[in-house]
Amino acid sequence: MTTDALDPGPDGNYPHMPRNPDGSLDTARMPIGLRRQRTPEGDTVLIDVEPTLLDGRRVTDAVPANQED
């Protein structure tokens, strides 16, 4: 069974984001930022892959990402 990052964590804390040892967001397991994607017509569009919380905030508003990512 997989763990959803937006589900409560083992201590009932919410959200249960994957983190690095320094406490920052593990962006290898929780992608953030813009990605390029090609449409069926061949055009390239930018897609924002960062998830939002139930209240509409971005995940980086709740857990800061490491500046080196």
Side-chain angles (χ1 to χ4, degrees):
M1 183 171 161
T2 62
T3 301
D4 190 322
L6 300 179
D7 284 341
D11 298 326
N13 53 345
Y14 176 84
H16 182 56
M17 303 284 184
R19 297 181 190 234
N20 294 316
D22 65 357
S24 63
L25 185 66
D26 182 356
T27 55
R29 295 189 301 158
M30 174 69 68
I32 61 172
L34 298 174
R35 304 288 190 271
R36 295 186 190 282
Q37 183 170 340
R38 192 165 306 276
T39 66
E41 293 80 23
D43 298 324
T44 301
V45 295
L46 288 175
I47 305 292
D48 186 358
V49 297
E50 184 173 346
T52 57
L53 303 174
L54 294 176
D55 61 5
R57 292 181 300 148
R58 300 169 68 81
V59 295
T60 52
D61 292 340
V63 180
N66 190 335
Q67 296 302 317
E68 296 174 4
D69 291 342

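Heavy-atom basis, side chains included; hydrogens, waters and symmetry copies ignored. If you're wondering where the values come from, they're calculated on a predicted model, not measured in any experiment.
- Here the closest heavy-atom approach between residue R58 and residue E50 is recorded as NH2-OE1, 2.8 Å.
- Applying side-chain hydrogen bond (donor to acceptor under 3.5 Å, both in side chains) to R57 and the options T60, D55, D61 leaves one that passes, D55.
- Rounded to the nearest 0.5 Å, atoms CZ (R35) and CG (L46) are 11.0 Å apart.
- Distance alone, capped at 3.5 Å, is enough to place a donor-acceptor pair between the D22 side chain and the S24 backbone.
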>> With side chain to side chain contact (heavy atoms under 4.5 Å, CB included) as the criterion, how do Q37 and T44 come out once you've worked through the C-alpha distance, each side chain's angles and the decisive distance to 0.1 Å?
In response: CA-CA 6 Å; Q37 183 170 340; T44 301; over 6 Å; no

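- Nearest heavy atom pair, residue A65 against residue I32, reads CB-CD1, 3.7 Å.
- With hydrogens and angles disregarded, no donor-acceptor distance shorter than 3.5 Å links the side chain of D48 to the backbone of L34.
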